[in-house]
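The model shown is predicted, which means the values in this text are computed figures rather than measured ones.
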Amino acid sequence: MRVLIVEDDAVLRDGLRVGLAIGGFNADAVESCEEAEAVLKNHEFDAMVLDLMLPDGSGLDVLKSLRERRDTTPVLLLTARDRVADRIQGLDAGADDYLGKPFDLDEVAARLRALVRRASGRPSSLLEWRGLRLDPATQQVELGGEPVRVSRREYAILHALMIHPGQILSRGQIEEKLYGWQEEVESNAVEVHIHHLRSKLGPGMIQTVRGIGYRLGEEP
């Protein structure tokens with residue numbers, strides 16, 4: 001899952017980015033409204049962690065601009081302003097959830113997983129397809145009840161495909177899930193990861209749609 005963190009406190013921002021990365025998220029981070037606006041117009045995210053008190057304005061302005069563009073990216077407000085009136089204002093402005101500082105990093109991760117799950121219309125946190133099971137909370141993968149060891153990148157590809165069963169994801173869309181904007185993308189990285197996944201899961205689990213991209217293999 002690709003997440004954008006908008007937080008001006010450098011220590012907190014880096015802690016969130018590193019902690020969420022350990023939890024299986026591909027996390028990018030910016031520190032101002034201006035940077036957030038620019039990034040959101042050029043990149044897609046599965047969710048966003050948004051502070052309200054930013055050096056060049058309020059996070060609510062970023063949120064309102066997002067919703068005015070009819071962008072439905074789930075937003076978790078994370079702020080020291082935790083009065084009931086502040087929570088109401090944030091939720092009414094289009095936020096999906098609200099968490100006050102100080103916070104527990106595991107709770108932030110759990111709330112983000114819940115937001116993404118609800119946005120995709122899934123009743124359960126587990127992702128399942130043709131005997132393949134993925135648990136976002138533990139980053140564990142099973143096939144036919146047996147554990148499958150996958151790398152962080154392989155897990156991210158599987159998660160992206162299983163969140164959108166039947167949908168074709170282009171190579172570019174998959175790269176967006178795998179890499180932050182400051183990371184160098186190798187020319188054949190996606191193909192290599194797909195090859196490794198097929199060797200572990202069987203050739204029919206991930207289907208290539210020539211000239212378009214990849215999707216989960218159709219149900220038999």
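From Asp97, atom CG reaches atom CG of Leu91 across 7.5 Å, with rounding to the nearest 0.5 Å. Rounding to the nearest 0.5 angstrom, the gap separating the OG1 atom in Thr73 from the NE2 atom in His43 is 13.0 Å. With rounding to the nearest 0.5 angstrom, the CG atom of Leu132 is 6.0 Å from the CG atom of Leu158. Between atom CG of residue Leu4 and atom CG of residue Leu50 there is a gap of 8.5 Å, rounded to the nearest 0.5 Å. Taking CG from Leu78 and CG from Asp51, the interatomic distance works out to 7.0 Å, rounded to the nearest 0.5 Å. From His195, atom NE2 reaches atom CG of Asn188 across 11.5 Å, with rounding to the nearest 0.5 Å.
Contacts classified as side chain to side chain donor-acceptor pair (under 3.5 Å) and involving residues 7-16 (residues at least two apart or in different chains) are given here: Glu7-Lys101. Listed by first then second residue, pairs satisfying salt bridge (Lys or Arg N to Asp or Glu O under 4.0 Å) with a partner in residues 204-215 read Arg215-Glu218, not counting sequence neighbours.
Atom CD of Gln167 has more than 12 neighbouring heavy atoms from other residues, nucleotides or ligands inside a 6.0 Å radius. Other residues, nucleotides and ligands contribute over 12 non-hydrogen atoms within 6.0 Å of the NE2 atom of His164.
For Leu112 against Ala47, the heavy-atom pair with the smallest separation is CD2-CB, 3.9 Å. Of all the heavy atoms in Gly57 and Cys33, the pair that sits closest is C-SG, 3.7 Å. Smallest separation of non-hydrogen atoms from Tyr155 and Asp135: OH-O, 4.0 Å. The two residues Leu127 and Pro136 come nearest to each other via the heavy atoms CD1-CG, 4.4 Å. Across all their heavy atoms, Ser32 and Leu54 have their closest contact at C-CD1, 4.3 Å.
Here the side chain of Asp96 pairs a donor or acceptor atom with the backbone of Val75 at under 3.5 angstrom. Side chain of Gln173 to backbone of Ser170: a donor-acceptor contact under 3.5 angstrom is found. For the pair Glu154 (side chain) and Ser151 (backbone), a donor-acceptor distance under 3.5 Å is present. One N or O on the side chain of Asp104 and one on the backbone of Glu107 form a donor-acceptor pair closer than 3.5 Å. The closest donor-acceptor contact from the side chain of Asn26 to the backbone of Met1 lies at 3.5 Å or more, if one exists at all. A donor-acceptor pair under 3.5 Å is absent between the side-chain atoms of Trp129 and the main chain of Leu134, judged by distance alone. Under the 3.5 Å distance criterion, the side-chain polar atoms of Arg133 are left unmatched by any main-chain donor or acceptor of Glu142. Listed for the Asn42 side chain is a donor-acceptor partner under 3.5 Å among the backbone atoms of Ala38. Checking side-chain atoms of Gln139 against main-chain N and O of Gly23 turns up a donor-acceptor pair under 3.5 Å. Although no hydrogens or angles enter the test, the distance criterion places no donor-acceptor pair under 3.5 Å between the side chain of Arg153 and the main chain of Val190.
Residues satisfying the side-chain hydrogen bond (donor to acceptor under 3.5 Å, both in side chains) criterion with Gln89, sequence neighbours excluded, are absent altogether.
Ring geometry for His196 versus His193: interplanar angle over 60°, hence perpendicular rather than tilted (30 to 60°).
For the residue pair Arg198 and Thr208, a side-chain donor N or O sits within less than 3.5 Å of a side-chain acceptor on the partner.
The shortest side-chain heavy-atom distance between Val39 and Phe45 falls under the 4.5 Å cut-off.
Using a 4.0 Å cut-off between charged nitrogen and carboxylate oxygen, Lys64 and Asp61 do not count as a salt-bridge pair. The pair Arg2-Asp46 does not count as a salt bridge, with every side-chain nitrogen at least 4.0 angstrom from each carboxylate oxygen. With salt bridges taken as basic N to acidic carboxylate O contacts below 4.0 Å, one links Arg69 and Glu37. Taking the charged nitrogens against the carboxylate oxygens, Lys177 and Glu44 have no contact shorter than 4.0 Å, which rules out a salt bridge.
Considering Val6, Val62, Leu63, Leu77 as possible partners of Leu52, the one that fulfils the side chain to side chain contact (heavy atoms under 4.5 Å, CB included) test is Leu77.
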